[in-house]
Amino acid sequence: VQLQASGGGLTQSGGSLRLSCKASGFSVDYYPIAWVRQAPGKEREGISCISSNDGSTHYADSVKGRFTISRDRARNTVYLQMNSLEPEDTAVYYCATDFESACDIETTGWIYRWDYWGQGTQVTVSS
């Protein structure tokens, strides 16, 4: 099981970036994929998740209305389109999956139980 996150970079406040999470060793159709970020000095925050069964999408309040998660079955890849970026979005972004969990974004610390993580991609938003 491998996850490879990419697409990070530097942008200005109000800009957009699209992150990609390429999965291998399993199908994104059958397991949930989450995007998680960690800013300097802060704990990891699960910000978005796409469910495996019905493809329903979930967002933390901090990104709702600005970020969109989606998946491409043919490419076995999950994306995170990030619009209206703010300096507070600066962080390392990771994608993660777990074969026994669901997108439980309303529960504090839900993401810490997940087993498989990509390497992270840096997103920096300047003011």
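Treat the numbers as computed from the prediction; the structure is a model and nothing was measured.
- Taking the side chain as every heavy atom from C-beta outward, Trp35 and Val63 never approach each other to under 4.5 Å.
- At a threshold of 4.5 Å between non-hydrogen side-chain atoms, the residues Tyr116 and Phe26 do not count as touching.
- Between the side chain of Thr90 and the main chain of Val125, a donor-acceptor pair closer than 3.5 Å is present.
- Heavy atoms of other residues, nucleotides or ligands lying less than 6.0 angstrom from CD of Gln2 number 12 at most.
- Ala60 and Gly46 get closest at one heavy-atom pair: CB-O, 3.8 Å.
- Looking only at side-chain heavy atoms (C-beta outward), Arg18 and Met82 stay at 4.5 Å or farther from each other.
- In this structure, Ser101 and Pro32 approach most closely via the heavy-atom pair O-CG, 3.4 Å.
- A donor-acceptor contact closer than 3.5 angstrom is absent between the side chains of Ser13 and Ser127.
- Between Arg113 and Asp104 there is a side-chain heavy-atom pair separated by less than 4.5 Å.
- The OG atom of Ser20 lies 10.0 Å from the CD atom of Gln81; values are rounded to the nearest 0.5 Å.
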I would like to know whether Ile33 and Arg71 meet side chain to side chain contact (heavy atoms under 4.5 Å, CB included); could you show each step before the answer? CA-CA 9 Å; Ile33 302 290; Arg71 67 185 176 192; over 6 Å; no
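- In the hydrophobic clustering, where aliphatic and aromatic side chains (Ile, Leu, Val, Met, Phe, Trp, Tyr) are joined below 4.5 Å either directly or transitively, Tyr94 groups with Val36, Val92, Ile105, Trp110, Ile111, Tyr112, Trp114, Trp117.
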Do Ser56 and Ser51 pass the side-chain hydrogen bond (donor to acceptor under 3.5 Å, both in side chains) test, and can you show the C-alpha distance, the side-chain angles, and the key distance before you say yes or no? CA-CA 5 Å; Ser56 58; Ser51 297; 3.1 Å; yes
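- Ser84 is linked by a side chain to side chain donor-acceptor pair (under 3.5 Å) to nothing, counting only residues two or more places apart in sequence or in another chain.
- Hydrophobic clustering (ILVMFWY, side-chain heavy atoms < 4.5 Å, transitive): Tyr59 and Val123 are in one cluster.
- Checking side-chain atoms of Asn83 against main-chain N and O of Ser16 turns up no donor-acceptor pair under 3.5 Å.
- With a 4.5 Å cut-off on side-chain heavy atoms, Asp89 and Arg66 count as touching.
- Using a 4.5 Å cut-off on side-chain heavy atoms (C-beta onward), Ile47 and Leu80 make contact.
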Working note: Thr97 + Leu3, criterion side chain to side chain contact (heavy atoms under 4.5 Å, CB included); need CA distance, chi angles, decisive distance, verdict. CA-CA 8 Å; Thr97 191; Leu3 296 166; 4.0 Å; yes
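- Within the structure, salt bridge (charged side-chain N to carboxylate O under 4.0 Å, His left out) contacts touching residues 41-55 (residues at least two apart or in different chains) are Arg37-Glu45.
- Between Ala5 and Cys95, the closest heavy-atom pair is CB-SG, 4.1 Å.
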Walk me through whether Ser48 and His58 qualify under side-chain hydrogen bond (donor to acceptor under 3.5 Å, both in side chains). CA-CA 5 Å; Ser48 185; His58 311 265; over 6 Å; no
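- Within the 4.5 Å cutoff, side-chain heavy atoms of Val78 are placed close to those of Ile69.
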Stepwise side chain to side chain contact (heavy atoms under 4.5 Å, CB included) check, Ser27 with Asn76: CA-CA 6 Å; Ser27 172; Asn76 210 33; 4.0 Å; yes
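- With hydrogens and angles disregarded, no donor-acceptor distance shorter than 3.5 Å links the side chain of Asp115 to the backbone of Asp98.
- One hydrophobic cluster holds both Ile50 and Leu19 under the rule that ILVMFWY side chains link at heavy-atom gaps under 4.5 Å.
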